[in-house]
Structures are given as structure tokens and as C-alpha cells.
Amino acid sequence: MAQVLTKWIHRRWTFDGPAELHPVVIERLRGTPARVRAMAKDTSPERAARAPEQGWSIQRHLGHLGDLDALLNARLDAYERGEPVLPAADMQNEASVQADHDAGSLDDIVRRFEAVRRTTVARLDAYPRDFFARSAWHDRLGVHKRVVDTCRFFADHDDHHLALARSLISG
């Protein structure tokens, strides 16, 4: 049976953990490609590209993760420049819609995500410790988010889409 999750746009967070936890959060981001690869290994190509009546296919969920690293990197750019407001997400997910992940191969999606995330994590690994305490305003959530919070937000986003994809495998 497919699992029902709260829609991403309805979720709320509290960002009150210490910035010193950034290595833990980066490790979550670093580990997502391995979980994506394991999920793909256990999924037939036909099942991976099959979308339910409402919602995305497994491939689109996994492809979307790679698409969103561009937003994470744009936000890191904003923190580096000291901008007061973070770039907004495209809540219509145009990059994922236009990418048509269901038309490609699951293996290509996995390889692309591994490469994109490896680059993002290398960037995060290069920052000094104090960088993770920098803060900027997130309009949609109406809160200030530090770099560590943004990283946790994206790790939670990874988990959200992996859980949705898993529900399609299990369901």
C-alpha cells in the first residue's frame, strides 16, 4: 500500500540545532546517492518509469533530486555573497517537468545525480566551520535559515522523495 506523506509545501521546520552539526547534515547529503543507487538496483526499468494516476514515477522522484542541487548551489552562492534573502524555489518544478526523466534511463538518472551531488558535497566540505552559521531569510517559510539549516532542509527533501519513490516500489 502506498504511503501518504504530508505534501512538501505543507511541512514546517524548526531550525534550532547548533551549526556545529554541519558534518552530520553533510553526511546525510553525501549518502543520498548510495541510497538512490540501491533503490534503482531493485527496480525494473518499466516500474521505474511508470507514474501512478496522481503523482510522479520513481524516475521522476529520483531525477528531481539531481535537479534541485542547482537550487542548493544557488543558495550557497547567496550565502557566500552575504545576500539577505535566499533565492526562491520554483514550486512548479519546471526543471523536473522539462527534463522528462521518465523518457531516459534510470541508470543515467543515478549517474547524473551521483556526479551532481559529489560536486555539491565537495563544495560543502571546503567551507570553513563558521560559514555554516551564516544566515539569510527564506521567504516561503518566513524564517531565517543558516547554511546548516539549508543543508538539513535539502537532506529532508532527499528523504521525502526517496520515501515517495519507495512507496511506489512497495505499493
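This is a predicted model, so every value here is computed, not measured.
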Visitor: Is there a donor-acceptor pair closer than 3.5 Å between any side-chain N or O of R117 and the backbone N or O of T32?
Guide: no

Visitor: Could you walk me through whether L62 and R112 satisfy the side chain to side chain contact (heavy atoms under 4.5 Å, CB included) test, starting with their C-alpha distance in whole Å, then the side-chain angles of each, then the deciding distance to 0.1 Å, before giving a yes or no?
Guide: CA-CA 10 Å; L62 301 182; R112 177 183 170 268; over 6 Å; no

Visitor: So, for H101 and R60, which heavy atoms are closest and what is the spacing to 0.1 Å?
Guide: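 Nearest pair, atom of H101 first, then R60: CB-CA, 3.9 Å.
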
Visitor: Could you verify whether a donor N or O on one side chain and an acceptor N or O on the other, from D149 and H138, lie under 3.5 Å apart?
Guide: no

Visitor: Do the ring centers of H157 and H64 come within less than 6.0 Å of each other?
Guide: yes

Visitor: If you define the side chain from C-beta out and look only at heavy atoms, does anything of E80 sit under 4.5 Å from F131?
Guide: yes

Visitor: Work out which heavy atom in L71 is nearest to a heavy atom in P87; give both atom names and the distance.
Guide: CD1-O, 4.0 Å

Visitor: Considering residues, nucleotides and ligands other than E94, do more than 12 of their heavy atoms fall under 6.0 Å from its CD?
Guide: yes

Visitor: When hydrophobic residues are tied together by side-chain contacts of less than 4.5 Å, even through go-betweens, does V143 share a cluster with V25?
Guide: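 The answer is yes; both residues are in one hydrophobic cluster.
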
Visitor: As an exercise, state the distance from CG of N93 to CG of D67, rounded to the nearest 0.5 Å.
Guide: 8.5 Å

Visitor: Please determine if D42 and R47 form a salt bridge, counting it only when a charged side-chain N lies under 4.0 Å from a carboxylate O.
Guide: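 Not counted as a salt bridge, because no side-chain N and carboxylate O are separated by less than 4.0 Å.
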
Visitor: When you group the ILVMFWY residues by side-chain heavy-atom contacts below 4.5 Å and let the links chain together, are V116 and Y127 in the same group?
Guide: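 Different clusters: Y127 never reaches V116 through Ile, Leu, Val, Met, Phe, Trp or Tyr contacts under 4.5 Å.
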
Visitor: Would you say L21 and L72 are hydrophobically clustered, going by side-chain heavy atoms of ILVMFWY under 4.5 Å?
Guide: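 No, L21 does not connect to L72 through the hydrophobic network.
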
Visitor: In this structure, would L29 and V24 fall into the same cluster of hydrophobic residues linked by side-chain contacts under 4.5 Å?
Guide: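 Each belongs to a different hydrophobic cluster.
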
Visitor: Give, for atom OG1 of T120 and atom CZ of R118, the distance between the pair rounded to the nearest 0.5 Å.
Guide: 10.5 Å

Visitor: If the plane angle is over 60° it's perpendicular, under 30° parallel, otherwise tilted; pick one for W56 and H61.
Guide: tilted

Visitor: Sequence neighbours left out, what passes side-chain contact (heavy atoms from CB on, under 4.5 Å) with D139? Give chain and number order.
Guide: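 Here the qualifying residues are V85, W137.
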
Visitor: Ignoring hydrogens, what is the shortest heavy-atom contact between P52 and L168? Give both atom names and the distance.
Guide: CG-CD2, 3.9 Å

Visitor: Can you check whether R134 reaches V148 side chain to side chain, under 4.5 Å on heavy atoms?
Guide: no

Visitor: Measure across A165 and I58 and return the closest heavy-atom pair with its distance rounded to 0.1 Å.
Guide: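 The answer is O-CG1, 3.8 Å.
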
Visitor: Please name the pair of heavy atoms, one in S57 and one in A48, separated by the smallest distance, quoted to 0.1 Å.
Guide: CB-O, 3.4 Å

Visitor: Group every Ile, Leu, Val, Met, Phe, Trp and Tyr by side-chain heavy-atom contacts under 4.5 Å, then state whether I169 and V36 land in the same group.
Guide: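 In one cluster: yes.
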
Visitor: Could you verify whether a donor N or O on one side chain and an acceptor N or O on the other, from R75 and Y79, lie under 3.5 Å apart?
Guide: no

Visitor: Supply the atom-to-atom distance I109 CD1 to Q59 CD, rounded to the nearest 0.5 angstrom.
Guide: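 Interatomic distance, I109 CD1 to Q59 CD, rounded to 0.5 Å: 4.0 Å.
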
Visitor: Taking atom CZ of R81 as the centre, does the number of heavy atoms from other residues, nucleotides or ligands within less than 6.0 Å exceed 12?
Guide: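 Counting neighbours around CZ of R81, more than 12 heavy atoms of other residues, nucleotides or ligands fall under 6.0 Å, so yes.
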
Visitor: Side-chain contact, heavy-atom cut-off 4.5 Å: D100 with D102?
Guide: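 Side-chain contact under 4.5 Å: yes.
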
Visitor: Could you give the distance from NE2 (H160) to CG (L65), rounded to the nearest 0.5 Å?
Guide: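 With rounding to 0.5 Å, NE2 (H160) is 10.0 Å from CG (L65).
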
Visitor: Can you tell me how far NZ of K41 sits from CG of L106, rounded to the nearest 0.5 angstrom?
Guide: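 NZ of K41 is found 13.0 Å from CG of L106.
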
Visitor: Could you tell me the separation between the CZ atom of R30 and the CG atom of L124, rounded to the nearest 0.5 Å?
Guide: 8.5 Å

Visitor: Could you walk me through whether D159 and R152 pass the salt bridge (charged side-chain N to carboxylate O under 4.0 Å, His left out) test, one step at a time?
Guide: CA-CA 10 Å; D159 293 344; R152 186 184 135 217; over 6 Å; no

